[in-house]
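Can you keep this structure in mind? I'll have questions shortly.
None of the values given here were measured: they were computed from a predicted structure. Counting convention: from 1, in listed order, for ligands and their atoms alike.
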Amino acid sequence: MNYLGIDLGGINVAAAVVDGEGHILSRDHVPTPRTGAEDVADAMAAAARRAVERAELTLEDVVSVGIGSPGTIDPNGGVVEYWSNLSFRHVPLSRMIKERLDRPVYLENDANAAALGEYAAGAGRGSSSMVAITLGTGVGGGAVLGGKLYTGYNYAGLEVGHFVVEYNGRPCTCGRRGCFETYASATALIKRTREEMERHPESLLWQVSGGDLARVEGRSAFAAAEQGDSVAQALVKEYQSYLACGIASLINIFQPEVFCVGGGVAGAGEKLLGPVRDIVAREDYARHNARRTRLELAKLGNDAGIIGAALLPLFR
Ligand code: BGC
């Protein structure tokens, strides 16, 4: 059986055809339009159709379309209630995609989908409890507790990107200040990298970004840090300390068996997570317990969301 998965992001829409074991057969991606929900739905449908063509299938060959979208989602009504980064309010995304692709549609928060993906086929496999976070345009979170996705009373649970790590800190699109995602998202890292580049024209950060602020990526700081650039090393350290602060606090709340870190920035691998692990090991309140949370990188990498989205019908 084949399933379509769509991962709606703040920068890109990614679509993939996935088999029942969570293997990706084909994929496509397009930039996310910033011109409203109808255009976003068109882009999603176009990427989905191309992914299906690339797998040499037709839409009739896919069981369903699963969507992971940022924001608070009503999975039963198929509605994105609120997504601050793209100013979505009460967008009936499932209906809009059904109109375009004419397949059954399942909708879930993107980080919840990633958590389900990692639980089914990645770092959380076989665990009794898992919390997953994704470090991308925003910071998302999902928890699978006792085999069930925990979504809160109103499906808005685990909005960890909007939990405050710096009181009165940087402004967030949600209206608060100091939210985790204003320090730990790829967007935040890119913003800080550009700030440091402007202050340090001698930094290797310029070289790794082709001398162009517009070409800075989440990985730029890691690349320059590895080449010994002290500005980049300080940036990476600052990023890791905020990330560790948020993770340690979340571990103190959930104490899950597995805490999984995914999303684009997690592509830096152990270079990112190694130092974070050391800080968390010191700060976790359960540091004297025999049983400790395992802090792991997402095994499915940045594909956790799309695989989890595709397999949504298997969790309903
Ligand atoms: C949104 C979440 C989403 C996360 C990752 C945050 O800004 O509030 O709903 O899961 O970004 O996309």
Side-chain angles (χ1 to χ4, degrees), residues 5-14 29 31-32 34 37 40 43-44 66-75 78-91 93 106-119 130-144 149-166 169-191 218 242-243 246-247 250 259-267 298 300-309 312:
I6 304 180
D7 189 14
L8 172 58
I11 308 288
N12 282 306
V13 175
H29 71 273
T32 307
R34 292 242 153 204
V40 170
M44 291 167 74
I67 304 168
S69 166
T72 61
I73 307 291
D74 170 0
V79 175
V80 182
E81 303 278 19
Y82 175 49
W83 174 17
S84 55
N85 284 332
L86 243 70
S87 304
F88 272 25
R89 305 270 193 287
H90 308 295
V91 172
L93 197 56
Y106 296 84
L107 180 67
E108 188 47 83
N109 169 270
D110 58 349
N112 285 349
L116 287 173
E118 285 294 325
Y119 179 74
M130 183 197 68
V131 171
I133 62 169
T134 57
L135 312 172
T137 309
V139 173
V144 183
L149 189 67
Y150 177 77
T151 58
Y153 168 60
N154 52 2
Y155 320 109
L158 274 290
E159 276 290 339
V160 303
H162 305 284
F163 123 111
V164 169
V165 294
E166 184 78 65
R170 298 184 195 147
C172 183
T173 55
C174 77
R176 297 181 87 193
R177 280 183 168 273
C179 288
F180 192 29
E181 76 173 38
T182 64
Y183 294 86
S185 61
T187 316
L189 180 58
I190 290 168
K191 191 161 173 260
Y242 278 109
L243 182 59
I247 291 176
L250 289 167
F259 192 105
C260 169
V261 181
V265 185
L300 307 177
N302 218 2
D303 288 333
I306 207 162
I307 294 171
L312 280 175

Just distances here: any N/O of Ser84 and N/O of ligand 1 closer than 3.5 Å?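 In fact, backbone or side chain, Ser84 has no N or O that close.
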Should you measure from each heavy atom of His162, which atoms of ligand 1 turn up under 4.0 Å away?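 Listed by number with element, the hits are 1 (C), 6 (C), 7 (O), 8 (O).
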How about Leu243 and Ile133: do any of their side-chain heavy atoms sit closer than 4.5 Å?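 Yes. Closest side-chain heavy atoms under 4.5 Å.
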What residue and atom, counting heavy atoms only, is the protein's closest point to atom 7 (O) of ligand 1, and at what distance?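 Protein heavy atom at minimum distance: Glu181 OE1, 2.6 Å.
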When you measure from the side chain of Tyr183 to the backbone N and O of Arg170, does any donor-acceptor pair fall under 3.5 Å?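 Between the backbone of Arg170 and the side chain of Tyr183 there is a qualifying donor-acceptor contact (under 3.5 Å).
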With heavy atoms only and a cut-off of under 4.0 Å, state how Val139 meets ligand 1: side chain, backbone, both or neither.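 It is the backbone that gets close, since no side chain atom is under 4.0 Å.
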Could a heavy atom of Asp110 be found less than 4.0 Å from some atom of ligand 1?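 Yes, Asp110 has a heavy atom closer than 4.0 Å to ligand 1.
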Heavy-atom pairs closer than 4.0 Å: do any link ligand 1 to the side chain of Asn85, the backbone, both, or neither?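 Looking at Asn85 and ligand 1, just side chain atoms fall under 4.0 Å.
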Begin with the C-alpha distance, continue with both residues' side-chain angles, and end with the deciding distance and a verdict on side chain to side chain contact (heavy atoms under 4.5 Å, CB included) for Leu8 and Asp110. CA-CA 7 Å; Leu8 172 58; Asp110 58 349; over 6 Å; no
For residues Ser185 and Gly136, report the shortest heavy-atom separation together with the two atoms involved.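 Minimum heavy-atom contact is CB-O, 3.2 Å.
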Work out whether the distance between some heavy atom of Gly71 and some atom of ligand 1 is less than 4.0 Å.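 A heavy atom of Gly71 does come that close to ligand 1.
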Might you point out which heavy atoms bring Ala37 and Val91 nearest each other, and give the distance in Å?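 The answer is CB-CG1, 3.7 Å.
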Taking atom CZ of Arg176 and atom CD of Glu181, what is their separation to the nearest 0.5 Å?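 These two atoms lie 11.5 Å from each other.
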Ligand-residue contact atoms, ligand 1 with Gly138, heavy atoms, under 4.0 Å: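 This gives 11 (O) as the contact atoms.
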Under 3.5 Å, is there a donor-acceptor pair between the side chain of Asn109 and the main chain of Gly71?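 Yes; judged by distance alone, with no hydrogens or angles, the pair exists.
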Number the atoms of ligand 1 from 1 as they appear, then name those within less than 4.0 Å of a heavy atom of Gly140, with their elements.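 Listed by number with element: 4 (C), 5 (C), 10 (O).
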Which atoms of ligand 1 have any heavy atom of Glu159 under 4.0 Å away?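 So the atoms of ligand 1 that pass are 1 (C), 2 (C), 8 (O), 9 (O).
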